[in-house]
Amino acid sequence: MTSVQVEQDDRTPGEGAQGEGEGYHRALGARQIQMIAIGGAIGTGLFMGAGKAISKAGPSLILAYAIAGLVIFFIMRALGELLMYRPVSGSFSDYAREFLGPFWGYATGWTYWLFWVVTGIVEVTAAAKYMSYWTHDSFPQWAYALIFTVILYLANLISVKLFGELEFWFSMVKVTAIVGMILICAGILTIGFSDAADTASVSNLWNNGGFFPHGIGETLMTLQIVMFAFLAVELVGVTAGESKDPEKTLPKAINTVPWRIAVFYVGALIMIMSVIPWSNFKAGESPFVLAFEKMGLGIGAAIVNFVVLTAALSSCNSGMYSTGRMLRDLALNGQGPKFFTKLTKSGTPLVGTTFSAALMLVGVWINYVAPGKAFDYVVSFATISGMWAWIMILVCQIRYRARADRGELPQSPFRAPGAPWTSWFALLFIGMVIVMMGVDKDSRVSLYCAPLWGLILGVSYLVLKKRNPSGAAFNKVEKASQSA
């Protein structure tokens, strides 16, 4: 067991930070960065949430994932351009602080922190529920939640390299499961084995009501489910300050986004709905589990349950990683308590990670004693808070490109193709998804939460600024032009 020794960052809050200069260790290699990027795009939104989306949109869900995937690629290339201009840990809030002003950095950092705390609460609780598949409630659910939280907390506290290894293997399980499903479905369609061979046909994608069985309107309503499935794809940006060779590994990871989405989402859905008619799927049921059952592969349910458990733990692991670094970024810039700047000797943010993990445990307790609508409302906030990071990435990239084109800042060696028009398109698309969320009564509550959170951020920011009106954290300072 490693000893935890704390090192206090000796920089003045408000100063910029980069890589090793932030006190972090560049311990994430290309292999780990690639899998973190892949894992960020594959989660419970695909393994579980796709069932509801298929029942609403039918085969047209494939088109929804393809279009949303293109938007995600635009977002990631915008992020990549910013990262190559200045790779920093806690990138979203740091870029918002530079290009939009201190309040936007403050709001982005705390919102992204809240997103991962809420997501961590959801995922660790979900992981505990998945364990009941094998134990049949013989072991209390809260105990599983506690065990998982403590294990992931300790893993993140030991070193960033251990976090990277856990995420590598979590992602490997998810990738193997999807590739395995695609290969099995391809075998059924070509060779014709299993119980599903009699009805398996690519024509299932346009028969049984057509490609848009419930109309284009219902397909548009599933966009919020689709976008939720992609939340956390931007996590690779948070790893920038701890990547061994960010100039090479990050662009490569970002450029793999199109084929990841094409294979893991579009490809998997094409195969599943070709083998099993879309009308068999329903909300609350994993399409992967149902597909295995229809194929007569009973062991598939246990396999998928293990994969979904892995996906939940992967998401919670990412939450532990992100929250500590976001809190430290805020503290280093004078927009959070200074004690969040403390690092362990291995370069992990001790206090920020501990504080976030403690809140995740409180959430598990709340879910145990009151698993009703109040908790569901908090969970629904994750979608809108997660998309806030995407909005900030796009707006900052538009601002950065304008200044770089004027010669005020160095050009990024990894320019986003088609920008700023692609960034504007992505912003309009996100705006449409938010409108769809307002139309849907089940997700509308998240839009009610957003103004309340905004009010909390605004009031707290004004209070902090009043205490230190001349501080760099509350006054925009233009960064000097850097040489390319």
* Judged by atom type as modelled, is there a donor-acceptor pair below 3.5 Å linking the side chain of R401 to the main-chain atoms of A419? -> yes
* Asked: Does F264 reach the side chain of W259, with side-chain heavy atoms less than 4.5 Å apart?
  -> yes
* Asked: To the nearest 0.5 Å, what is the distance between CE (M432) and CG (L427)?
  -> 13.0 Å
* For the atom pair CG (L332) and OG (S93), what is the distance rounded to the nearest 0.5 Å? -> 10.0 Å
* Can T354 and Y153 be counted as having a side-chain donor-acceptor contact under 3.5 angstrom? -> yes
* **Over all atoms of both residues, closest heavy-atom pair of M360 and W116** => CE-O, 3.8 Å
* Measure from the side-chain N and O atoms of R403 to the backbone N and O of L409, and report whether any donor-acceptor pair falls under 3.5 Å. => no
* Asked: Hey, are the side chains of L394 and I430 touching, using non-hydrogen atoms and a 4.5 Å cut-off?
  -> yes
For residues 68-77, please give each side-chain donor-acceptor pair under 3.5 Å, one per line with the distance, not counting sequence neighbours.
from, atom 1, to, atom 2, distance (Å)
R77, NH1, N255, OD1, 3.1
R77, NH2, R415, O, 2.7

* To do: Would you check if L223 and M437 make a side-chain contact, meaning some heavy-atom pair closer than 4.5 Å?
  => no
* What closest approach, in Å, do V307 and A177 show between heavy atoms, and which atom pair accounts for it? -> CG2-CB, 3.5 Å
* **Qualifying residues under side-chain hydrogen bond (donor to acceptor under 3.5 Å, both in side chains), relative to S460, sequence neighbours excluded** => Y106
* Asked: With no hydrogens and no angle check, is any side-chain donor or acceptor of W113 less than 3.5 Å from a backbone partner on L330?
  -> no
* Partners meeting side-chain hydrogen bond (donor to acceptor under 3.5 Å, both in side chains) with Y400 (sequence neighbours left out) -> none
* For R467, side-chain hydrogen bond (donor to acceptor under 3.5 Å, both in side chains) partners two or more places apart -> none
* Inter-residue atom distance L457.CG - T108.OG1, 0.5 Å rounding -> 9.0 Å
* **Heavy-atom side-chain contact between F355 and F340 under 4.5 Å** => yes
* Asked: Do C396 and L82 touch side chain to side chain, with heavy atoms closer than 4.5 Å?
  -> yes
* To do: Under the ring pair (Phe, Tyr, Trp, His ring centres under 6.0 Å) rule, collect the residues that match up with F429, sequence neighbours excluded.
  => none
* To do: Begin from the C-alpha positions of F414 and I254 and carry the test side chain to side chain contact (heavy atoms under 4.5 Å, CB included) through to its verdict.
  => CA-CA 10 Å; F414 189 55; I254 289 170; 4.2 Å; yes
* Can you list the residues that meet the side-chain hydrogen bond (donor to acceptor under 3.5 Å, both in side chains) rule with T323, with sequence neighbours excluded? -> S356
* Asked: When you measure from the side chain of Q397 to the backbone N and O of L79, does any donor-acceptor pair fall under 3.5 Å?
  -> no
* To do: Rounded to the nearest 0.5 Å, what's the gap from CD1 on I151 to CG on L146? Could you check?
  => 9.5 Å
* Aromatic plane relationship, F306 with W134 - under 30° parallel, 30 to 60° tilted, over 60° perpendicular -> perpendicular
* To do: Any chance you could measure Y95, atom OH, to I393, atom CD1, to the nearest 0.5 Å?
  => 9.5 Å
* Asked: Do the side chain of T341 and the main chain of K338 share a donor and acceptor less than 3.5 angstrom apart?
  -> yes
* Quick one: CD1 on I225 to CE on M227, what's the gap to the nearest 0.5 Å? -> 13.0 Å
* Is the side chain of S412 donor-acceptor paired with the backbone N or O of E81 at a distance under 3.5 Å, no angle test? -> yes
* Asked: Salt bridge between E98 and R86, side-chain N to carboxylate O under 4.0 Å?
  -> yes
* **Side chains of T111 and W453, donor plus acceptor under 3.5 Å** => yes
* Asked: M392 versus L100: any side-chain heavy-atom pair under 4.5 Å?
  -> yes
* Could you tell me whether the side chain of L154 reaches within less than 4.5 Å of the side chain of M320, counting heavy atoms only? => no
* Asked: If we only count heavy atoms from C-beta on, is the K342 to P349 side-chain gap below 4.5 Å?
  -> no
* How about W110: does its CH2 atom have over 12 heavy atoms from other parts shown lying under 6.0 Å from it? -> yes
* What closest approach, in Å, do I398 and S423 show between heavy atoms, and which atom pair accounts for it? -> CG1-CB, 3.7 Å
